[in-house]
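Chain identifiers are assigned alphabetically (A, B, ...) following the order of the sequence lines, protein sequences preceding nucleic acid strands; residue numbering begins at 1 within each chain.
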Amino acid sequence: VEILATPIINGSALWKIVLASALGGVGVVIAFGLLVLFVTRAEQVRSTHGGERILYLLGSAVCGVFCLAVVVIGIYAMAKKPASAKPKATKATAALVARASPRG
Amino acid sequence: VTAVCFDFTNGFHDTANAVATSIATGALKPRVAVAMSAVLNLVGAFVSIKVAATIAKGIVNAHVLAGTAGLSLVFAALIGAITWNLITWYFTMPSSSSHALIGGVIGATIVASSASEVKVHGLLSTVIFPALFSPIICGLVAMVGTFSAYRLIRRIGEKQARKGYRYGQIGSAALVSLAHGTNDAQKTMGVIALALIAHGDINSNHFYVPLWVKISCATAIALGTAIGGWRIINTMGNRLTDVESPQGFSAEAASASVILASSYYGYPLSTTQVVSGGVLGSGLGKKLASVHWGVVGQMATAWVLTIPAAAVMGGVAWEISRIFGRSSAAGSVVIGFLAAVIATMIFQLAQRNKIGAHDLDRSHVTPETEAELALGGKPAPPVGAAA
């Protein structure tokens with residue numbers, strides 16, 4: 001009855017997990033690869049094409065910022081979980097306290 | 001104390017999660033990787049208590065764990081979990097410490113009370129379902145990531161790309177370590193909080209994790225990590241698939257993303273299963289990569305068996321403890337002693353086919369040699385491949 005009464009899967013949370021994982025996992029790999037690509041190209045054109053080099057360096061900076069941003073967001077998400085506040089009291093926990101804690 | 005011991009076994013059992021692929025590709029020396037992971041696990045353990053709150057609530061009915069009988073039950077559960085962790089460590093199988101813990105709680109609860117005291121809904125929604133979806137999501141993300149990385153490598157050039165991804169692996173391994181600390185140390189904090197609630201030291205209406213619990217758990221998991229579970233690192237890094245630096249980076253990035261996202265929403269998932277899914281996905285994402293399905297099958301079997309096996313062990317531990325009385329400390333002492341004997345035996349057995357840090361050191365593999373291997377060379381056979 002309990003299983004039927006409430007959903008087992010939080011579809012909304014699952015969707016967000018999939019989205020965040022894809023963005024973080026695939027996004028960072030691509031951005032990091034592009035960063036390496038742009039840095040490599042910037043090295044290759046160092047002495048010949050000054051303008052092109054600046055473009056490559058700009059591209060690599062954007063990719064680097066993206067990777068860094070994902071890491072910072074990840075750490076921020078760890079530290080600031082919205083539900084990490086103290087959980088609400090329920091009948092079950094109240095019963096536990098009543099049985100377990102003579103100190104009240 | 002037993003909960004902290006469990007955290008210690010969790011540390012050395014699950015170190016593999018964060019650093020296995022970095023060690024396998026030679027991006028980090030084994031001892032450096034494990035030391036880095038230990039420090040970040042320590043830091044991660046202080047970051048949030050969301051998962052701790054989830055574990056302490058929702059798996060079994062709270063009244064079962066009330067009073068000193070409840071404490072004995074938690075103790076039996078931990079003994080079951082530690083024993084299963086050591087058995088899987090001996091067989092070099094990266095199983096989930098979290099599921100072992102949950103299995104132990106369930107088994108002891110069923111034997112002590114009845115199966116109806118287990119919250120099926122809570123078990124399905126916070127344990128079984130995340131256990132099913134998390135490795136699949138991580139595997140898919142890692143597969144797409146790896147595929148993309150190798151597409152980019154064609155444009156970048158083999159040596160430069162591999163060099164870049166090796167540097168990237170240091171960062172991604174650090175993030176997985178941090179995420180592991182936020183996830184796994186908190187589970188034991190949850191168990192200790194459970195015991196403190198049962199003892200009446202914490203009012204469950206005002207649930208919190210005391211600072212000394214956080215410090216104890218963080219230190220235990222860091223110490224366990226520092227000692228390093230080389231046997232499981234070998235399985236994760238070398239035996240599932242032949243990992244190259246772009247694959248390792250993709251697997252770690254995917255793992256960190258899934259762990260952090262799931263942890264944010266309070267799903268107490270298994271970091272072991274997530275990272276295993278990531279490593280497997282990275283193997284599938286590379287064209288012509290070899291995935292060792294036999295090892296994958298063994299690992300999947302260990303995953304399926306973990307909750308029932310730990311439940312049986314938790315139940316047996318509780319039965320032995322109950323001989324001395326439901327609330328007796330003597331029972332807990334006896335099962336603690338038996339667990340120590342079993343642990344010693346397993347450690348002795350493991351000495352026969354010992355795997356150490358020096359066996360796994362691949363720091364001599366440079367980006368150049370990795371590129372050569374990728375272009376037609378043959379990789380060195382993994383340690384213990386025949387085991």
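Chain A forms more heavy-atom pairs under 4.5 Å with one residue of B:Leu140, B:Leu178, B:Thr146, B:Leu175 than with any other, namely B:Leu178. When A:Leu35, A:Val29, A:Leu37, A:Val71 are compared by the number of non-hydrogen pairs under 4.5 Å with chain B, A:Val29 comes out ahead. With respect to chain A, the highest number of heavy-atom pairs below 4.5 Å among B:Gly164, B:Gly171, B:Ala149 belongs to B:Gly164. Chosen from A:Cys67, A:Ala22, A:Gly25, the residue pairing most often with chain B at heavy-atom distances under 4.5 Å is A:Gly25. The residue among B:Ser250, B:Ala254, B:Ala256 with the most heavy atom pairs within less than 4.5 Å of chain A is B:Ser250.
B:Ile137 touches chain A through its side chain: at least one heavy atom from C-beta onward sits under 4.5 Å away, while N, CA, C and O do not. Residue B:Phe147: no heavy atom, backbone or side chain, is found under 4.5 Å from chain A.
The two residues B:Ser116 and B:Ser114 come nearest to each other via the heavy atoms OG-OG, 2.7 Å. Between B:Ala261 and A:Ile17 the shortest heavy-atom distance is O-CG1, 3.9 Å. B:Glu117 approaches B:Ser113 most closely through the heavy-atom pair CG-CB, 3.5 Å.
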Run the side chain to side chain contact (heavy atoms under 4.5 Å, CB included) test on A:Leu23 and A:Leu19 for me, step by step, so that the C-alpha distance in whole Å, both residues' side-chain angles and the decisive distance to 0.1 Å come before the verdict.
CA-CA 6 Å; A:Leu23 186 70; A:Leu19 203 65; 5.9 Å; no

Evaluate the criterion side chain to side chain donor-acceptor pair (under 3.5 Å) for residue pair B:Glu252 and B:Thr21; output intermediate values, then yes/no.
CA-CA 8 Å; B:Glu252 285 170 351; B:Thr21 57; 2.7 Å; yes

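Sorted by first and then second residue, the side-chain hydrogen bond (donor to acceptor under 3.5 Å, both in side chains) pairs involving residues 13-23 of chain A (not counting sequence neighbours) form an empty list.
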